There are 2 protein chains.
Amino acid sequence: MGGLAATTLRLAAGAALFRQGARTLGLFRVLSGRVRLVRLTPGGTEVPMHTAVAGELFAEASIFSAHYHCDAIALQDCEILVYPKAELTRHLLEKPEMLWAFTAEMARRTQDLRTRLEVRQIRAAPDRVLQFLRLRCDADGNWSPPGTLKQWAQELGLTHEALYRALATLEREGKIQRADRLLRLVTP
Amino acid sequence: MGGLAATTLRLAAGAALFRQGARTLGLFRVLSGRVRLVRLTPGGTEVPMHTAVAGELFAEASIFSAHYHCDAIALQDCEILVYPKAELTRHLLEKPEMLWAFTAEMARRTQDLRTRLEVRQIRAAPDRVLQFLRLRCDADGNWSPPGTLKQWAQELGLTHEALYRALATLEREGKIQRADRLLRLVTP
DNA sequence: CGTCACATTGATGCCTCTCAAAGCTTGTGG
DNA sequence: CCACAAGCTTTGAGAGGCATCAATGTGACG
């Protein structure tokens, strides 16, 4: 964001940058670490909506809302850049090509959310994991979860036990291979 | 969309406006009827991403993509307005306030998708239905499903049997009241 | 070396999916 | 006006799988 004033702040692992219902300050860029956006169901379970990694912008939708609809929780120690809402708004309105890029980013978020929804519709845990891997792995079928398996399990909407078992099953069936943290998809 | 060329077309109930993977034409407005955007899981189940009602714009994300990521299926007989992609792009870039409104609409979509994700995380069918109603009902706690209960069940990510049973359970427990198509939420 | 969180496996129960069958509603054609 | 067909609605029975609770192993870090 060339020439846009911004302040940085630090966030310890597990700390909240903002909570659902809080007034929106603006939006954020992750400089280092990872931040997860989660909603809480009435039952109290956390539903991850997005995980922003280093370099990434997040909480875009908050520009158009007076209050946040999610909690933002640091998964690790983080450095965060803050773009104040008012300035950012002015900035975007003055430079249409910037706004265009911003809109394109939001479109990508939409696609990502739709993919999440699609994956969550698959009930069988092994199939859900498999589909997730298919969508995320590189050309060689490799992928590594960024963070713990427990965190990944939340992302998938499974208990961690279910994920462990699913991975064990898939490996037993020869559909994936595991080497330390690396997962390889064995394509038929 | 003032002054933007557009053509209209008709769509019979059940017909597809476009399919996943097809080249993007542009975007659409529903003049009458209802159109559902669905993705297909590898297992073949349809996952509804959005249901556009009369007056609503849909397939916005397609402006930034060469191919559609969803199927668009008419739930009823429909009239659809088509905005060609190239013209629309030019139009949006020339009028920043138009682009701003467009972006705001995308932000709303994002929130809607997140709500969907949140509701789907609730496993127990009665609780899921209840939460859906809480989010959708009016001030008096009333809501009516637009369309059949089967369609609603898909929207909820439940089998229609599970939905019928959940509604029966909720009514038996006095948490909702049913009168023909109308549902009333009994708040404690 | 002790603590704490993650990783893994076991046993149990509940709930949704699946398959099946029977009322009910709507529309169509004779 | 009635008979039939087709699709929605509703309820039943059975099974499989994930959540839950529980216990143990393992790794990192002070």
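Remember, it's a predicted structure, so these values are computed and weren't measured experimentally. Residue numbers start from 1 in every chain, and the chains themselves are labelled A, B, ... in the order their sequence lines are given, proteins ahead of strands.
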What closest approach, in Å, do Ala16(A) and Ile73(A) show between heavy atoms, and which atom pair accounts for it?
-> CB-CD1, 3.9 Å
Quick one: bend of the helix from dC1(C)-dG30(D) to dG30(C)-dC1(D) from 5 pairs per end, to 10°?
-> 40°
Check: Arg19(A)/Tyr68(A) side-chain N/O donor and acceptor closer than 3.5 Å | no
In residues 96-103 of chain A, what donor-acceptor pairs under 3.5 Å come from side-chain atoms, sequence neighbours left out?
{"from": "Thr103(A)", "atom 1": "OG1", "to": "Leu99(A)", "atom 2": "O", "distance (Å)": "2.8"}
{"from": "Thr103(A)", "atom 1": "OG1", "to": "Thr103(B)", "atom 2": "OG1", "distance (Å)": "2.7"}

What pairs meet the ring-ring contact (aromatic ring centres under 6.0 Å, His included) rule with one or both residues in residues 30-57 of chain A, with sequence neighbours excluded?
-> none
Atom pairs and distances, donor-acceptor, side-chain atoms in residues 160-176 of chain B, under 3.5 Å, two or more places apart:
{"from": "Thr169(B)", "atom 1": "OG1", "to": "Arg165(B)", "atom 2": "O", "distance (Å)": "2.8"}
{"from": "Glu173(B)", "atom 1": "OE1", "to": "Lys175(B)", "atom 2": "NZ", "distance (Å)": "3.3"}

Using the heavy-atom set of chain B and a strict 4.0 Å cut-off, write down the first and last nucleotide of DNA chain D that makes it in, 5' to 3'.
-> dC8(D) to dA19(D)
For DNA chain C, the residues among residues 33-52 of chain A that have a non-hydrogen atom under 4.0 Å from it = none
Ionic contact status for Glu155(A) with Arg36(A), cut-off 4.0 Å | yes
Does any non-hydrogen side-chain atom of Phe18(B) lie less than 4.5 Å from one of Leu25(B)?
-> no
Going by heavy atoms closer than 4.0 Å, what residues in residues 172-180 of chain A are next to DNA chain D?
-> none
Please report the closest heavy-atom contact between Gly33(B) and Gln76(B), naming both atoms and the distance.
-> CA-OE1, 3.5 Å
Is there a donor-acceptor contact under 3.5 Å linking the side chains of Gln121(A) and Arg39(B)?
-> no
Leu27(A) side chain reached by Leu88(A) side chain, heavy atoms, under 4.5 Å | yes
Taking only residues two or more places apart in sequence or in another chain, which ones pass side-chain contact (heavy atoms from CB on, under 4.5 Å) with Val53(B)?
-> Arg34(B), Glu56(B)
Along DNA chain C, 5' to 3', what are the outermost nucleotides having an atom less than 4.0 Å from a heavy atom of chain A?
-> dC6(C) to dC17(C)
Let me check something: any side-chain donor-acceptor pairs from residues 145-153 of chain B under 3.5 Å, sequence neighbours excluded? List them with distances.
{"from": "Thr148(B)", "atom 1": "OG1", "to": "Gln151(B)", "atom 2": "N", "distance (Å)": "3.1"}
{"from": "Gln151(B)", "atom 1": "OE1", "to": "Thr148(B)", "atom 2": "N", "distance (Å)": "3.4"}

Criterion side-chain contact (heavy atoms from CB on, under 4.5 Å) against Gln131(A), the qualifying member of Leu135(A), Val129(A), Asp127(A) = Leu135(A)
Indicate yes or no: at least one non-hydrogen side-chain atom of Arg114(A) is less than 4.5 angstrom from one of Leu37(B).
-> yes
Any donor-acceptor pair under 3.5 Å linking the side chain of Thr8(A) with the backbone of Leu81(A)?
-> no
Set of residues satisfying side-chain hydrogen bond (donor to acceptor under 3.5 Å, both in side chains) with respect to Thr159(A), sequence neighbours excluded | none
For DNA chain D, determine which residues of residues 152-170 of chain B have any heavy atom closer than 4.0 angstrom to one of its atoms, and list them numerically.
-> His160(B), Glu161(B), Tyr164(B), Arg165(B)
Mind telling me whether Phe132(A) and Trp143(A) have parallel, tilted or perpendicular rings, with 30° and 60° as the class edges?
-> perpendicular
